[in-house]
Amino acid sequence: MDTRTALLAAAAALLLLTAIGAVAAPDALADPRSDDERSGHVRIVDTVVSPGEVRGETAELRLGVDLQHRGPPVENVTVRHRAIGAESGLLVDETTVDVGEVDGGGEQTINGSVDVERAGGYRIETVVFSDGERRTSQTTRVSGLSALTPEYADASVGFTDGRVWPTVAVSVSEADSETATLSVSLSVTNRGDEPSDPLELRVLLRQAESNVVAADAGETVGSVRPGRTDTVTVTATVPADYNYYVDGALWSDDVLIDETQGVANLNPRETISADETVEEVEFAVEDFERDAGGDGVAERPESGNDGGGTDDSTPGFGPVVALVALASAALVARRRR
């Protein structure tokens, strides 16, 4: 057999072996590229979370997922969002967005949303599927939802927060030996871009020691222009010679929008301030219970003494009694001599 015949026979044998291998193992001749490369590639570039509808107990979180695509089209794409409690680890809400086919390269934004409670924080897990197969995922953490203002209480008008100009100004317009008529002026500012809708102003005057409401008054706050501050004045008559907390509140259709507080000191012997709270009273009790030290706070007396006896002396009279006793003893001794 010459060389040419031998080469032809070897080539024929190689072709025969290749054909037999293709029949026995069809995957051996498959495209070596991965399934993602054959069907295209998608990945999450970024996820943007923004508040949607804010309610009293719950809030909507709007999720914008930026998907990047490369290669051939990707079929049957879905995006799943899960809101999981940051502390509990429990599933709070889940939603799935059907995207369909992703093609054309570049990026596109897929919008979705979940509903969660405003209390607590959450972990938002976003997963992209293609034909039910997980392709890419991303996790975003969200907290501080309690700071969001519900839509029913969202208003651009509120009490003025000034450092010099008082939010609540109280003056006495009339007074006699038993009553005093107070003129209460409250400053209201529109911090929005549009004129405000009319609001209702309510004022309560609470007697400081008893916390009893001595008088109340109301007035309508008209439309306030953007960036402007208006002053609304109400009058109320209260018993004289007492101190009062002046509580002001803005209402819109029975929804509390904003509140503030001032004082009216009609008792010259004792005054109060607007920042006094119940917690401060508790702090004072704790201070009183501390041991005497550099802060000058007296020690709270215990039920017993170190010596086991009972202290029956009257505070403040010990030195006086001692001096009287010494003088009496001297007189008795002199008489005896």
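All values derive from a computational prediction rather than experimental measurement. Numbers for residues simply follow the sequence, beginning at 1. Values below: all heavy atoms of this structure, side chains included; hydrogens, waters and symmetry mates excluded.
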Straight-line distance of [X] [atom1] to [Y] [atom2], nearest 0.5 Å:
{"X": "E194", "Y": "S223", "atom1": "CD", "atom2": "OG", "answer": "10.0 Å"}
{"X": "I44", "Y": "Q68", "atom1": "CD1", "atom2": "CD", "answer": "11.5 Å"}
{"X": "T167", "Y": "D161", "atom1": "OG1", "atom2": "CG", "answer": "6.0 Å"}
{"X": "E107", "Y": "R70", "atom1": "CD", "atom2": "CZ", "answer": "11.0 Å"}
{"X": "S130", "Y": "E75", "atom1": "OG", "atom2": "CD", "answer": "7.5 Å"}
{"X": "D131", "Y": "N76", "atom1": "CG", "atom2": "CG", "answer": "4.5 Å"}

Would V65 and Q138 satisfy side-chain contact (heavy atoms from CB on, under 4.5 Å), going step by step from the backbone distance to the final call?
CA-CA 10 Å; V65 180; Q138 188 177 78; over 6 Å; no
Quick one: does [X]'s side chain get under 4.5 Å of [Y]'s, heavy atoms only?
{"X": "F159", "Y": "L201", "result": "yes"}
{"X": "V212", "Y": "R206", "result": "no"}
{"X": "F129", "Y": "S137", "result": "no"}
{"X": "N190", "Y": "R228", "result": "no"}
{"X": "T229", "Y": "V188", "result": "no"}
{"X": "L145", "Y": "V116", "result": "yes"}
{"X": "P150", "Y": "R55", "result": "no"}
{"X": "T220", "Y": "V232", "result": "no"}

Donor-acceptor contact below 3.5 Å, side chain R118 vs main chain L148
yes
Is it the case that the side chain of T189 and the backbone of R191 share a donor-acceptor pair, with hydrogens and angles ignored and the cut-off at 3.5 Å?
no
Between D216 and R202, does any NZ, NE, NH1 or NH2 come within less than 4.0 Å of an OD or OE carboxylate oxygen?
no
Are the charged groups of D93 and R123 less than 4.0 angstrom apart, N to O?
no
Option among R82, H81, R80 that satisfies the side-chain hydrogen bond (donor to acceptor under 3.5 Å, both in side chains) test with T126:
H81
Do [X] and [Y] belong together in a cluster built from hydrophobic side chains that touch within less than 4.5 Å?
{"X": "V263", "Y": "V234", "answer": "no"}
{"X": "L63", "Y": "V127", "answer": "no"}
{"X": "V203", "Y": "V255", "answer": "yes"}
{"X": "V45", "Y": "L67", "answer": "no"}
{"X": "I257", "Y": "V157", "answer": "yes"}

For residues [X] and [Y], is any side-chain donor paired with an opposing acceptor at under 3.5 Å?
{"X": "T149", "Y": "D154", "answer": "no"}
{"X": "D115", "Y": "T58", "answer": "no"}
{"X": "S210", "Y": "Q207", "answer": "yes"}
{"X": "T160", "Y": "S187", "answer": "no"}
{"X": "S185", "Y": "T233", "answer": "yes"}
{"X": "D241", "Y": "N267", "answer": "no"}

Does atom [atom1] ([X]) have a neighbourhood of more than 12 heavy atoms from anything else shown, all under 6.0 Å?
{"X": "E117", "atom1": "CD", "answer": "no"}
{"X": "D103", "atom1": "CG", "answer": "yes"}
{"X": "E53", "atom1": "CD", "answer": "yes"}
{"X": "R225", "atom1": "CZ", "answer": "no"}

Would R141 and Y122 count as a side-chain contact (heavy atoms from CB on, under 4.5 Å) here? Give the steps.
CA-CA 6 Å; R141 300 184 183 277; Y122 300 92; over 6 Å; no
With side-chain contact (heavy atoms from CB on, under 4.5 Å) as the test, would you mind laying out the steps for T96 and V79 before giving the verdict?
CA-CA 6 Å; T96 300; V79 178; over 6 Å; no
Quick one: list whatever passes side chain to side chain contact (heavy atoms under 4.5 Å, CB included) with D176, sequence neighbours left out.
E178, T179
Evaluation steps, side-chain contact (heavy atoms from CB on, under 4.5 Å), between W251 and L256:
CA-CA 5 Å; W251 298 79; L256 180 61; 3.9 Å; yes
Positive for side chain to side chain contact (heavy atoms under 4.5 Å, CB included) with E125, one of I84, L91, T140
I84
Check salt bridge (Lys or Arg N to Asp or Glu O under 4.0 Å) between R43 and all other residues, then give those that pass, not counting sequence neighbours.
none
